[in-house]
Structures are given as C-alpha cells and as structure tokens.
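Excluded from the calculations below are hydrogen atoms, water molecules and symmetry mates; all remaining heavy atoms, backbone and side chain alike, are included. Remember, it's a predicted structure, so these values are computed and weren't measured experimentally.
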Amino acid sequence: MPEYVNPEREIFGQFQALDRRGPIHMLNLVRVYDQVTYDDGSQASGLEAYASYGKQSGPVFSRVGGKIIWSGDFELNLIGPQEERWDIAFIAEYPSANAFVEMVKDPIYQQAVRHRTLAVKDSRLVRMGPKTVSSEFG
C-alpha cells in the first residue's frame, strides 16, 4: 500500500496560499516499486515507469521554467531510520510557486503523472525557499 504518493488537496491549498515571490526549490525523495502493472496488463520496473513520467512531463516542466539543480544517488542514512531508502533524489527549481501550479494543472502533465502514481511506493516532496549559501552551518 502506498504511503505518500500525491499531495492531499488541503496541503496543496496551503502550498498555493504561501505568499512569497521568487523561485522555489522542491526536494524530491522517491521510492519506487520493483515491478508495476499498467491497466492494459503491460509491465515495467518502477524506475522505468518513473522515467516515462519524466520523459512525458519534461517538456511541460521546461516550459514553465523548471530545472533540476541537484541530483544524487542514495548511499547511507547516517542519521535516520536505516530501513528508509530512496531510489531517486533531486531538487527541482521553479521560477515561482505559480509555475509549479501551472505545471501540475497542465493536461499533458496530468496524463504523464499516471506513470508516477503507478511507480511510486513512497515519496517526500518538500517546498523550500532558496537562501544565499554561506560557509557556516545553521
């Protein structure tokens, strides 16, 4: 049974209500199923289904000004539950929260997201406000 796959309506409303101009960063942590079965009976790995989502939604992501600013491979939880593993990890930047909303409401994106919904076993999607990087922690 999926844990966290798609945003709940109430939380999406809170996302839209955050009144801050400028770019946003979205931290994406994704765990996919090993194997998925589509309605037509065809099968794919979770990674293949997620890649189909990326390929189909990519033009919409680019059109609204989105870009991937960081991507990495999971290696080890130094702090946190050792059983928690992520297959996909990246940070996407959008020029504004409205650009993100425009993307998810786009009909092409809405068709593509079926691949994501099928592929994802669990995920975290965290909205963050970019800050100037310094050499100090905190």
Side-chain angles (χ1 to χ4, degrees):
M1 185 70 169
E3 293 182 41
Y4 297 97
V5 177
N6 293 309
E8 296 175 8
R9 185 175 300 274
E10 179 184 333
I11 302 301
F12 193 72
Q14 291 175 21
F15 173 92
Q16 291 178 289
L18 286 175
D19 188 22
R20 186 183 59 73
R21 296 191 188 279
I24 63 167
H25 289 171
M26 299 293 283
L27 170 63
N28 290 256
L29 301 173
V30 182
R31 185 176 310 119
V32 297
Y33 289 105
D34 290 333
Q35 220 33 48
V36 299
T37 304
Y38 285 90
D39 290 339
D40 66 3
S42 63
Q43 293 190 329
S45 72
L47 289 173
E48 290 168 336
Y50 196 88
S52 292
Y53 157 69
K55 183 176 182 178
Q56 291 180 17
S57 66
V60 180
F61 175 68
S62 294
R63 181 177 47 76
V64 302
K67 60 185 176 182
I68 304 298
I69 60 168
W70 177 88
S71 180
D73 290 324
F74 176 86
E75 293 182 346
L76 170 78
N77 276 334
L78 188 58
I79 299 174
Q82 291 304 299
E83 68 278 0
E84 190 173 79
R85 304 260 188 255
W86 302 105
D87 299 310
I88 301 164
F90 64 95
I91 297 174
E93 180 180 84
Y94 297 86
S96 68
N98 287 340
F100 179 84
V101 172
E102 179 183 341
M103 179 186 73
V104 299
K105 289 184 174 182
D106 184 280
I108 294 170
Y109 179 87
Q110 290 178 357
Q111 284 293 315
V113 81
R114 69 186 177 92
H115 297 289
R116 183 188 186 285
T117 300
L118 187 63
V120 174
K121 184 175 186 178
D122 194 13
S123 67
R124 304 294 181 269
L125 183 58
V126 181
R127 176 180 164 167
M128 301 179 294
K131 292 170 67 172
T132 302
V133 178
S134 74
S135 61
E136 298 176 11
F137 289 104

Quick one: list whatever passes side chain to side chain contact (heavy atoms under 4.5 Å, CB included) with [X], sequence neighbours left out.
X: Pro130; result: Arg20, Pro23, His25
X: Pro81; result: Glu83, Glu84
X: Gln43; result: Gln35, Thr37
X: Glu75; result: none

For [range], which residue pairs pass the salt bridge (Lys or Arg N to Asp or Glu O under 4.0 Å) check, not counting sequence neighbours?
range: residues 7-16; answer: none
range: residues 104-115; answer: Arg63-Asp106
range: residues 87-98; answer: Lys67-Glu93

Is it true that [X] and [Y] fall in one hydrophobic cluster, defined by side-chain heavy atoms closer than 4.5 Å?
X: Met103; Y: Ile108; value: yes
X: Val113; Y: Leu29; value: no
X: Val64; Y: Phe12; value: yes

Heavy atoms, side chains only, cut-off 4.5 Å: are Leu47 and Ile88 in contact?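 Yes, their side chains come closer than 4.5 Å.
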Does any part of the side chain of Arg116, heavy atoms only, come nearer than 4.5 Å to the side chain of Val5, both counted from C-beta?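 SC-SC contact between Val5 and Arg116 confirmed.
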What residue pairs, at least two apart or across chains, pass ring-ring contact (aromatic ring centres under 6.0 Å, His included) with a residue in residues 103-125?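 Non-adjacent pairs meeting ring-ring contact (aromatic ring centres under 6.0 Å, His included): Tyr38-His115, Tyr53-Tyr109.
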For residues 66-98, pull every pair meeting ring-ring contact (aromatic ring centres under 6.0 Å, His included), keeping only residues two or more places apart or in separate chains.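 Qualifying pairs: Phe61-Tyr94, Tyr94-Phe100.
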Who passes salt bridge (charged side-chain N to carboxylate O under 4.0 Å, His left out) against Arg31, sequence neighbours left out?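 With sequence neighbours excluded, Arg31 shows a salt bridge (charged side-chain N to carboxylate O under 4.0 Å, His left out) to Asp122, given in chain and number order.
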Spacing of [atom1] belonging to [X] relative to [atom2] belonging to [Y], to within rounding of 0.5 Å:
X: Ser96; Y: Ile24; atom1: OG; atom2: CD1; result: 7.0 Å
X: Ile68; Y: Ile91; atom1: CD1; atom2: CD1; result: 9.5 Å
X: Arg124; Y: Met26; atom1: CZ; atom2: CE; result: 14.0 Å
X: Arg85; Y: Leu76; atom1: CZ; atom2: CG; result: 7.0 Å

I need the minimum non-hydrogen distance between Tyr33 and Leu118, along with the two atoms involved.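 Here Tyr33 and Leu118 meet closest at CD1-O, 3.6 Å.
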Quick one: closest heavy-atom pair of Gly66 and Pro95, and the distance?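 Heavy-atom minimum between the residues: N-CD, 4.3 Å.
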Checking the side chain of Gln82 only, and the main-chain atoms of Asn77 only, is there a donor and an acceptor separated by less than 3.5 Å?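 Indeed, once roles are kept as given, a pair shorter than 3.5 Å links the two residues.
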Apply the hydrophobic cluster definition, ILVMFWY joined by side-chain contacts under 4.5 Å directly or through others, and give me every member besides Val133.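 None; Val133 is a cluster of one.
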Which residues share a side-chain hydrogen bond (donor to acceptor under 3.5 Å, both in side chains) with Asp40, sequence neighbours left out: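 Only Ser42 meet the side-chain hydrogen bond (donor to acceptor under 3.5 Å, both in side chains) criterion with Asp40.
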